[in-house]
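Take a look at the structure below.
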Amino acid sequence: MDVPSLLDALGSTPSASARATGLARSTIQRVRDGKSSPTMETLRELALAAGYDIDLSLVPASDPAAAVAARVIADPATPTLEDLAGWEMVDQSEVEAVAQWVSRLERQAPNDRRRLLELAGRYSAPQHRKGARFFVPRSGLSQEQTVDVANSAIGHLSGALSGVAAAGVYLGHAPDPGPIVIWSIDPRAVADRLAATLREAGEYQPAGVLLAPTMRAYLVDTIMPPVWPHRVVSPIQTAIDLYGLGYTELADEITEGW
């Protein structure tokens, strides 16, 4: 349950929520309007008033804004923060998240492009993305055929391939088998199409298809090579994803000479 859902459960007005939680009406209003993030104490009061409590746990990071931030810093083909702010397909909260990651990455990897991309890969790894879905490779299908299935599942929807599928395009070789990544703006529709051929699993399949939601900025500079009728993410996004998946040597090979 997210914060807006908690507020809805407490009442339709800030005054009703304030009465239920003992919090100031102005605090509730700022949280409801998205003008401030609730502190942990505020969040727990909201949860308790709605009949819930908070159980914190650490999980691997996978924030799409981290990858976009690395591209903003290192990739001339990616829009600047100012350009992203004026791009109708990216909302203001996404721009703010990217700006925060730009600051983090510049602190952690000043003047070290390889380290920058490696950190971005760790912070945006597809296998840890919230909402990611995993599909088992089908017996009798080659990796090339599985890539075809993944690409067909994207169809006319907004999305592109990454992982070993993109590595094969840029390097001419890739691990076989290996993870085929689909970044999608509409993962539910893509999953329905994948399910017609591949069986879904509850955990990451290193030799299967990994479908994950993302923001539209991932798809900047997506290409479709003339001799390979599949949409793949840009070289820099491919490298970031390969670092996140643990294919460091492949990522280094793509970025060699940058």
Side-chain angles (χ1 to χ4, degrees), residues 1-2 4-5 8 59-68 87-91 93-94 97 121 123-170 174-225 228-234 237-238 240-242 244-247:
M1 179 178 287
D2 56 17
S5 298
D8 288 343
V59 297
S62 184
D63 189 339
V68 177
W87 191 21
E88 294 181 356
M89 291 187 291
V90 178
D91 63 38
S93 65
E94 291 176 329
Y123 293 138
S124 64
Q127 68 272 31
H128 301 311
R129 182 66 51 87
K130 184 177 180 180
R133 299 175 71 170
F134 313 109
F135 293 83
V136 179
R138 180 174 170 179
S139 177
L141 285 185
S142 67
Q143 181 159 282
E144 182 178 356
Q145 290 170 322
T146 305
V147 170
D148 289 338
V149 169
N151 187 69
S152 296
I154 298 173
H156 67 279
L157 302 170
S158 295
L161 300 177
S162 188
V164 298
V169 171
Y170 294 121
D176 184 356
I180 299 162
V181 176
I182 302 175
W183 289 118
S184 177
I185 306 302
D186 191 359
R188 179 175 297 180
V190 176
D192 289 343
R193 295 180 177 184
L194 282 175
T197 305
L198 305 178
R199 177 174 60 84
E200 189 167 1
E203 59 185 14
Y204 172 49
Q205 302 291 308
V209 176
L210 191 169
L211 168 64
T214 194
M215 60 174 62
R216 291 187 182 276
Y218 264 53
L219 306 181
V220 170
D221 214 20
T222 293
I223 71 165
M224 182 179 286
W228 208 69
H230 302 141
R231 290 201 298 273
V232 296
V233 295
S234 66
Q237 186 62 55
T238 299
I240 291 170
D241 294 338
L242 290 171
L245 290 164
Y247 288 85

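Basis for what follows: all heavy atoms, side chains included, without hydrogens, waters or symmetry-related copies.
Of all the heavy atoms in Trp87 and Ala217, the pair that sits closest is CZ3-CA, 3.8 Å. Heavy atoms only, all atoms of each residue included: Val232 and Ala160 are closest at C-CB, 4.0 Å. Across Ala207 and Pro177, no two heavy atoms sit closer than the pair CB-CB, 3.6 Å. Residues Val164 and Pro175 approach most closely at CG1-CD, 3.8 Å, considering heavy atoms. When every heavy atom of Arg231 is checked against every heavy atom of Thr222, the shortest pair comes out as CB-CG2, 4.1 Å. In terms of heavy-atom proximity, Thr238 sits nearest to Ala166 at OG1-CB, 3.3 Å.
Residues Val220 and Ser234 fail the side-chain proximity criterion, which asks for heavy atoms closer than 4.5 Å. Put simply, the side chain of Leu161 does not reach to within 4.5 Å of the side chain of Val169, judged on heavy atoms. In this structure the side chain of Ile223 reaches within 4.5 angstrom of the side chain of Tyr170, judged on heavy atoms. Considering only heavy atoms from C-beta on, Pro179 stays 4.5 Å or farther from Leu210 through its side chain. Residues Ile240 and Val233 form no side-chain contact, since every pair of their non-hydrogen atoms from C-beta on lies 4.5 Å or further apart.
Every residue meeting the side-chain contact (heavy atoms from CB on, under 4.5 Å) condition with Ser142, not counting sequence neighbours, appears here in chain and number order: Glu144, Gln145. Considering only residues two or more places apart in sequence or on other chains, Pro60 meets the side-chain contact (heavy atoms from CB on, under 4.5 Å) condition with His128. With sequence neighbours excluded, no residue forms a salt bridge (charged side-chain N to carboxylate O under 4.0 Å, His left out) with Arg216. Evaluation of the side-chain contact (heavy atoms from CB on, under 4.5 Å) rule for Pro4 yields Asp2 as partners, not counting sequence neighbours.
Atom CG of Leu157 sits about 8.5 Å away from atom CD1 of Ile154, to the nearest 0.5 Å. Note that OG1 of Thr146 is 12.5 Å distant from CG of Asn151, once rounded to the nearest 0.5 Å. Atoms CD and OG1, from Gln237 and Thr214 in turn, are 7.0 Å apart once rounded to the nearest 0.5 Å. Note that the OG atom of Ser162 and the CD1 atom of Ile180 stand 11.5 Å from one another [nearest 0.5 Å]. Note that CG of Leu194 is 4.5 Å distant from CD1 of Ile182, once rounded to the nearest 0.5 Å.
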Contacts under 3.5 angstrom, residues 129-141 side chains, donor-acceptor by atom type, not counting sequence neighbours:
| unit_1 | atom_1 | unit_2 | atom_2 | d |
| --- | --- | --- | --- | --- |
| Arg129 | NE | Ser62 | O | 3.1 |
| Arg129 | NE | Ser62 | OG | 2.8 |
| Arg129 | NH1 | Pro213 | O | 2.8 |
| Arg129 | NH2 | Ser124 | O | 3.1 |
| Arg129 | NH2 | Tyr218 | OH | 3.1 |
| Arg133 | NE | Glu200 | OE2 | 2.8 |
| Arg133 | NH2 | Glu200 | OE1 | 3.0 |

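Sequence neighbours left out, not one pair with a member in residues 175-194 passes salt bridge (charged side-chain N to carboxylate O under 4.0 Å, His left out).
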